[in-house]
There are 2 protein chains.
Amino acid sequence: MKHAQSGATSRSVNDPTAKGKGPPAIEDITVKPMPASRTEAVQEALRQAIIEQKLRPGAKLPEDALGETFGTSRTIAREALGRLAVEGLVDLKPNKGAFVANPTLEEGRDIFMVRRGLEQTVTGLLAGRLRADQMTQLKAFNEKERSVSGVDEKESIRLAGEFHLLLARMTGNQLLIRYVTEVVSRCSLILAMYGRPHSADCGVDEHAEIIAALERGDAPKASHLMDHHLESVAGRAMLEARAEHDIRELLAPYAARIKGMTE
Amino acid sequence: MKHAQSGATSRSVNDPTAKGKGPPAIEDITVKPMPASRTEAVQEALRQAIIEQKLRPGAKLPEDALGETFGTSRTIAREALGRLAVEGLVDLKPNKGAFVANPTLEEGRDIFMVRRGLEQTVTGLLAGRLRADQMTQLKAFNEKERSVSGVDEKESIRLAGEFHLLLARMTGNQLLIRYVTEVVSRCSLILAMYGRPHSADCGVDEHAEIIAALERGDAPKASHLMDHHLESVAGRAMLEARAEHDIRELLAPYAARIKGMTE
DNA sequence: TCTCTCCTTATTGCATGCGATAATCGCATG
DNA sequence: CATGCGATTATCGCATGCAATAAGGAGAGA
C-alpha cells in the first residue's frame, strides 16, 4: 500500500508525505484529533498558522501559493479555505480570494460572549462528574501551564487555550467540543491581535480554582469562576486594546478613504 | 448507469457570444439563479432538503448524483458537502462518500444541551434591550405561530425554529447567530427523526412567556423560561423516541457486528 | 454447497485546464 | 497635471480527467 502516486503524471511535486509512511500508531483518542485527509491536514496547518499569527490577520491566502506551499493542488487549498471560512478563521470574498480573518473589537467581544456561554455549559456538565484519572490529567496540565508561565510566552498562550479544549473534550459532547474548539481558536487570534503580553499568564491560578471547584462538584461556583475568568481575560485584552490599538482602529476608515481602499 | 451528461442546457461551456463586450446575454441574467456562489446555493439547497427530511438521515449523497441534480460538476457538490460536514448536517466518510447525518439519541441530547446554553446567552443579551419595533415583530411572529398551530404541522415546526432564529438575529452577534442557526437546523432534524407529532406545537405559549419576560427585562426569568422550554421540547421528543425508536437503536450494534459493518 | 480469491465496476480523491472576473498599469485626452 | 479609459495580467470559479480505493460478483477449488 503505497501512498505516492505512480509516476504516470509528468509533474512530480515535492510530496512531503512520501518520505516514509508511518503506520498510524494507536493514539490517545481524547487528546489527538487525527491526521485524516490532505484537506484536513492543510486545514489544520492553516488553522495553527493563523492562530499563531504566522499569518497576519487580513493577509491574503492565494490558492496557488497555498497549494505550492503544502505540495498539493489548488483544489485542496481551496477546500480547506472554504471550511476555515465556515469556522470563521478565514474571510472568503467572492472573486477576490481568501483572507485571514481580521476580527474587529466588536466581533471579538461577540466571540467572547458566546464563549462564556459555551464554557459555562462545559463546567455545568463536568462539575462532580470527573473521573479520578481526568482530575489527575487536569492537575498535571495545570502544573505544566505553571511551569511555562512567564517563561515561554507563546507556549503559555497555547496551553491556556489547550486547557479549555481539554475541559471541553472531557464532556464527551462532540458539538460542544467543536464549538469550544472554534471559539478558542478565534479567541486566540483575537488575543494575539488585541491582547497585551502576559494577558494569558494570569489564567493559571484561575484555572486551578476552576479545577478545584469541579472536583468539589460545586457547579455554580465552577461556572461562576469560569465566567469571570473569561470575562477578565477578555476585559484585560479589550481594555489594553482600547489604549494600544484603538487609535489605529479608529483611523482605519479615514486612511481607507484617503487611499481609496475598499474593504 | 450513464456517466454525467453534464447539465446540458443551463450553461454552455462553449459560448461563442462571450467574445466582445456586446449586449450581455439576457438569458444569462435570467437563468442565473445564483444568489451567491454556486457552492453556497447547493449548500443551502441541501441543507433545506436535509432539514425537511426530503433526504433521509443516513442516505448516501454521491457527488455525481448531486452534481447532475443541481446542474453543476462534482466539484461544487463536493465542496458543499465538505462545508455541510463542518456544520454537522453531513457525515463525511473517507473513501466512502458523504451521508446525511444520522444523529443518535445521545448526539441529539448533546446538541440540545449546547442549544440550551446558546439560547440562554441569547436571552441574557436581549432581556430589557429590545426596541419597540423588535417587540412588535416578536409578538406578530408569535401570533403567526399561533395561527398555524394545530393546522399546519410542517409549518408549525418551521416557525418554531424560525422564532429562535429571530431572537438570535436580534442580538446582532454574528457568531451567536451562526451557532444558533446550526443547532436549530440540527434540532429540527432530530425532532423530525425522533419527535412525535405535535411536539413542536406546545411551544407557542412558552414562546409568548419568553417574549413577555424579555419585555419586562427580567433576564433570569427569560433565561429560565427558555431553558425549560428547550428542555421540555427535548424531553418530550426523547421520551417519545425512547418508546418508538430505541429498540432499533439498541439493536444497531449487534446488527453491525453480525454484518461486519464497522461504524 | 461453501468459501476464498481475483476481477470488474462504481465512486472517491486529487490535479489540472479553461474561461471569467477583478486588479493593475500604461496611455491618451481634457 | 489630473482623470478617465483600454489592455495586460494575476487569480478565481468551475469542469473535467486520471489514478486509487472500496464494493460487489464470478469462478475455481475444497
Side-chain angles (χ1 to χ4, degrees), chain A residues 1-18 21 35-43 60-68 70-83 85 90-99 259-263, chain B residues 1-8 10-21 24-25 28-29 32 34 36-43 60-68 70-83 85 90-99 259-263:
Chain A
M1 66 172 190
K2 60 172 57 174
H3 204 277
Q5 296 170 334
S6 301
T9 52
S10 59
R11 166 175 312 278
S12 68
V13 209
N14 53 346
D15 186 359
T17 65
K21 38 165 183 73
S37 69
R38 294 295 157 280
T39 297
E40 282 181 58
V42 172
Q43 188 181 357
K60 193 166 192 316
L61 298 171
E63 298 171 358
D64 290 1
L66 294 180
E68 201 170 338
F70 289 107
T72 74
S73 75
R74 293 185 299 125
T75 305
I76 302 303
R78 184 182 178 75
E79 186 146 342
L81 288 172
R83 298 192 191 177
V90 160
D91 271 354
L92 225 51
K93 308 191 178 177
N95 280 325
K96 204 180 160 242
F99 302 81
K259 295 196 226 162
M261 291 171 58
T262 62
E263 189 78 39
Chain B
M1 213 171 278
K2 64 161 82 172
H3 211 277
Q5 179 78 334
S6 71
S10 63
R11 207 150 28 74
S12 53
V13 177
N14 51 354
D15 188 0
T17 66
K19 193 74 177 174
K21 55 183 170 76
D28 206 13
I29 299 171
K32 224 158 131 186
M34 66 169 140
S37 71
R38 288 265 165 69
T39 297
E40 282 181 57
V42 173
Q43 188 182 358
K60 192 164 193 314
L61 299 171
E63 298 171 358
D64 286 354
L66 293 179
E68 199 170 342
F70 289 106
T72 75
S73 74
R74 292 186 300 125
T75 305
I76 304 302
R78 184 181 178 76
E79 186 147 342
L81 288 173
R83 297 193 191 177
V90 160
D91 271 354
L92 225 50
K93 308 191 180 179
N95 281 325
K96 207 183 159 231
F99 302 81
K259 295 196 229 163
M261 293 169 58
T262 63
E263 190 67 25

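Below, read A as the first sequence line, B as the second, and so on, with proteins coming before strands; counting in each chain starts at 1.
Per the geometry, CD belonging to A:Glu40 stands 10 Å off P belonging to C:dC14, to the nearest Å. Taking atom CD on A:Glu68 and atom P on C:dT16, their separation rounds to 11 Å, with Å as the unit. The interatomic distance linking A:Phe70 (CZ) with C:dA15 (P) rounds to 13 Å, in whole Å. Atom P of nucleotide C:dT9 and atom CG of B:Asp64 are separated by 17 Å, given to the nearest angstrom. Residue A:Leu66 contributes atom CG, which lies 13 Å from atom C1' of D:dT11 at whole-angstrom precision. The distance from atom CG of A:Asn95 to atom P of D:dA10 is 18 Å, rounded to the nearest whole Å. Computed from coordinates, the B:Leu61 CG to C:dG13 P distance equals 13 Å when rounded to whole Å. Here the P atom of nucleotide D:dA23 and the NZ atom of B:Lys93 are 11 Å apart, to the nearest Å.
Residue B:Leu81 comes nearest to B:Val90 through the heavy atom pair O-CG1, 4.1 Å, listed as atom of the first residue, atom of the second, then distance. The two atoms that bring A:Glu79 and B:Gly82 nearest to each other are OE2-CA, 4.4 Å, heavy atoms only. Looking at every heavy atom in both residues, A:Lys60 comes nearest to A:Gly97 through NZ-CA, 4.2 Å. Among all heavy-atom pairs drawn from A:Gly67 and A:Ala77, the shortest one is N-CB, 4.0 Å. The two residues B:Arg38 and B:Thr72 make their nearest non-hydrogen contact at CD-CG2, 4.1 Å.
Listed by residue number, the members of residues 75-83 of chain A with any heavy atom below 4.0 angstrom from DNA chain D are A:Arg78.
Partner assigned to C:dT29 is D:dA2, using Watson-Crick or G-U wobble distances below 3.5 angstrom.
A heavy-atom distance below 4.5 Å is not found between the side chains of A:Leu66 and A:Val42.
Residue B:Ser73 has its side chain nearest to D:dA15 when only D:dA15, D:dC12, D:dA23 are considered. Ranking C:dA23, C:dC14, D:dC12 by closeness to the A:Lys96 side chain, first place goes to C:dA23. Counting only heavy atoms from C-beta on, A:Arg38 has its side chain closest to C:dC14 among D:dC12, C:dC14, C:dA23. Nearest to the side-chain atoms of A:Arg74 among the listed nucleotides C:dA22, C:dT16, C:dG13 stands C:dT16.
At C:dA23, none of the side-chain N or O atoms of A:Lys60 fall inside 4.0 Å of OP1 or OP2 (strictly under the cut-off).
Two residues, A:Pro94 and A:Thr39, neighbour DNA chain C, and the one matched to the more 5' nucleotide by heavy-atom proximity is A:Thr39.
Atom CZ of residue A:Arg78 and atom OG1 of residue B:Thr75 lie 9.0 Å apart, to the nearest 0.5 angstrom.
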